Structure formats: structure tokens, C-alpha cells
J.: 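I am attaching a structure below and will ask some questions about it afterwards.
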Amino acid sequence: MEFVQTIQETKNIIKEWEKSGFTIGLVPTMGFLHEGHESLIKKAASENDKVVVSIFVNPIQFGPTEDLDTYPRNLDRDKKVCENAGTNLIFNPAPEEMYFDNAVTSVTVGELTNGLCGSKRPIHFQGVCTVVSKLFNIVTPDKAYFGEKDAQQLAVIKRMVRDLNFDIDIIGCPIVREEDGLAKSSRNTYLSDSERKAALVLNESLKLAKKALENGEVHASKLTHVISEKINSEPLAKIDYIEIVDSIDLKPVCKISSSILVAIAVYIGKTRLIDNFTWNTNDNK
Ligand code: AMP
């Protein structure tokens, strides 16, 4: 496994791989890797000749009051996880390597970024789309792997790839959870013991919504109510948003008739956690 911190070195290695006709899979991450990331890397390794994992805590996707400075990092551990999961190259640039001081170009995806996390984190998706576009140009992958955990991000990247004619397959990968149901996240490390227990309310509230759907509920407002009631029963939890949207264009739905995304963001103490599930009416008839 190669470990590279410059764009030029990465491009040189990619060029050699392309000469040999290798297919390339890219897994963009911010590091502090867990089994969720690992599942993306393993899938990439099973579908491509070479796997690149980028580890980059991207400053331009964090708002001024967010956790850029405290975001957890452990590069030595990440290297081991990457190696064991089948990575061929880690790209770990410094912010100065990724961004020119006087850069004035960014990538914005409209509409899809207006709701859900986009409405709460105004510059977030512009930062994500800009860095992912740059990674696509540097690594020129055949396929790129993203977790369904960040469902809005996945939908936004898919749309960006279509709109900007990137010749890259975007592969969504299922949410990996702890045994008790909490979605794995690098940010779970912020939680105290009591907060860790309280955080179960995210998945539990979603399970109640799923059950309501299975029992034939078709009104989004009812689902929202079921979820909010459960979350509000947990004293350490504070709802940031609960949204029921179309899973492709992310527009809010009132009556459930197609494929929907049920997505929530909840503060547990000071830590903001997200979770979601998708539901396809036709699959469940
Ligand atoms: P991050 O390092 O948080 O930016 O995440 C990098 C990639 O891993 C993103 O595509 C995430 O959606 C994905 N990811 C993070 N947590 C999980 C999880 N629990 N299950 C599946 N994918 C995940």
C-alpha cells in the first residue's frame, strides 16, 4: 500500500495504473475510520483492480461554529484499517496541497441541497461537492463509493456527476451499525456514556416509523409525529430536523406513494448525529 500526500505523486501513480489497464475505485473519507468506511473500501476492492482511499478533513465543508478543529484523527490506525481492507493507495493531502490560497472556483448543486442538512449547514454541500470534484479529477476513478448513512450527500453527488458529465459510477453502500443499532460515525467518539445510551433514540425512532409504514401509514405528518414523540422522550436529545422526502429529488412529500427517504438529525448533548432509511412503497406491497 502506498501513502501519498501530494497531488502530483498521486497522479503519477494513477497514470501508471491506467497504462496497465487497471480499473480504479475511490473511497473519499475524512479519516478516523470505522467499520462503515471499511465496508466501502472492501466493496471497492471487490469491484476494482486498484483502490484509492482519500483521508482529508476538508476545511471548506465545516461552518465557522462546527467541529473542524476537534474532528477526531488517528492516521496510524487508519493506515492499518486501509491496508487490511484492500487499499492500494492512501491520498492524504494537507489543506494547503488541496486548495490554492486564491482559489475562486467552487461546485454548487442547487435544489437538492436546500433541505435536510443543507438548510442547517449552509456551506456544507458546496464544500463537499468542490472537494469531491477535485478528488475525481485527481484520481479519475471508474467507480466511487459513498455511504447511505449520508443519504443527502449520496443523492447530491449522484446529481452532480450526472449534471457535470463525470464518467464515474457512484456506488451507494448500506449503513453499518453498532450491535445496538446506532449508526457508526466518527463523531460517536464525542459521546459520553450517558449520551451514547441516549443516542440509541435515533435508530429506535426510525424503527417506529418503519413499523408505521409496514402497517400501512401513508401520511408523512404521522411519521414525523411518531419520530418526534420518541426523540422528545429522551431528555438528552434535541431534534435538529425530521424530514420525509422523495429519495431521488429530496423534495418533501406529504403522502407516501413512491420511494422515500426518512432522514433525521438530532443533537445528543452538543453532538449532532444523523440517521435515515429509505422506503419503497412498491417493494413493500
Ligand atoms: P466521512 O469520513 O464521515 O466523511 O465518511 C466517509 C464515507 O463513509 C461517506 O461516504 C459516508 O457516508 C461513509 N460512512 C460513514 N459512516 C458510515 C456508516 N455507518 N455506514 C456506511 N457508510 C458510512
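Both counts, for ligands and for their atoms, begin at 1 and track the order of listing. None of the values given here were measured: they were computed from a predicted structure.
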J.: Which residue supplies the protein heavy atom nearest to atom 6 (C) of ligand 1, what is that atom called, and how far is it?
T.: P28 O, 3.4 Å
J.: Check this for me: does any side-chain nitrogen of one of D142 and K50 sit under 4.0 Å from a carboxylate oxygen of the other?
T.: no
J.: Just heavy atoms, cut-off under 4.0 Å: does S185 contact ligand 1 by side chain, backbone, both, or neither?
T.: neither
J.: For atom 20 (N) of ligand 1, what's the nearest protein heavy-atom neighbour? Residue, atom name and distance, please.
T.: V176 N, 2.8 Å
J.: Any ion pair linking K211 and E217 (charged N to carboxylate O, less than 4.0 Å)?
T.: no
J.: Check whether any side-chain N or O of E243 sits under 3.5 Å from a backbone N or O of L116 as a donor-acceptor pair, and report yes or no.
T.: yes
J.: Less than 4.0 Å between a side-chain N and a carboxylate O, is that true for R187 and D67?
T.: yes
J.: If a pair satisfies ring-ring contact (aromatic ring centres under 6.0 Å, His included) and one of its residues is in residues 236-285, list it, with sequence neighbours excluded.
T.: none
J.: Side chain, backbone, both or neither: which part of P174 has a heavy atom under 4.0 Å from ligand 1?
T.: backbone
J.: To check your reading of the model: name the closest protein heavy atom to atom 22 (N) of ligand 1, its residue, and the distance in Å.
T.: G147 CA, 3.5 Å
J.: Out of all atoms in ligand 1, which are within 4.0 Å of some heavy atom of F146? Include the element for each.
T.: 10 (O)
J.: When you measure from atom 23 (C) of ligand 1 to every protein heavy atom, which one gives the shortest distance, and what is it?
T.: K149 CB, 4.0 Å
J.: For ligand 1, is any non-hydrogen atom under 4.0 Å from K184's backbone (N, CA, C, O), its side chain (CB onward), both, or neither?
T.: both
J.: Hey, are E83 and K79 close enough for a salt bridge, meaning a charged N less than 4.0 Å from a carboxylate O?
T.: no
J.: Quick check: does L40 get an N/O under 3.5 Å from an N/O on ligand 1?
T.: no
J.: For ligand 1, note which part of H34 has a heavy atom under 4.0 Å away: side chain, backbone, both or neither.
T.: side chain
J.: Would you check if the side chain of S233 reaches a backbone N or O of K230 as a donor-acceptor pair within less than 3.5 Å?
T.: yes
J.: Does ligand 1 have a heavy atom under 4.0 Å from the side chain of L154, from its backbone, from both, or from neither?
T.: neither
J.: Hey, which atoms in ligand 1 end up nearer than 4.0 Å to a heavy atom of T29?
T.: 2 (O), 6 (C)
J.: From T105 OG1 over to Y99 OH, what is the distance, rounded to the nearest 0.5 angstrom?
T.: 12.0 Å
J.: Would you tell me which option among H37, E148, M30 has the nearest heavy-atom contact to atom 5 (O) of ligand 1?
T.: H37
J.: Give the residue, atom name and distance (to 0.1 Å) of the protein heavy atom nearest atom 12 (O) of ligand 1.
T.: D150 OD2, 2.6 Å
J.: Where on Q153 is there a heavy atom closer than 4.0 Å to ligand 1, on the side chain, on the backbone, on both, or on neither?
T.: side chain
J.: Sorted by first residue and then second, give each ring-ring contact (aromatic ring centres under 6.0 Å, His included) pair with at least one member in residues 113-155; sequence neighbours left out.
T.: F136-F166
J.: In terms of atom number and element, which parts of ligand 1 are under 4.0 angstrom from non-hydrogen atoms of I175?
T.: 20 (N), 21 (C)
J.: So which of T271, D180, N188 actually passes side-chain hydrogen bond (donor to acceptor under 3.5 Å, both in side chains) with R196?
T.: D180
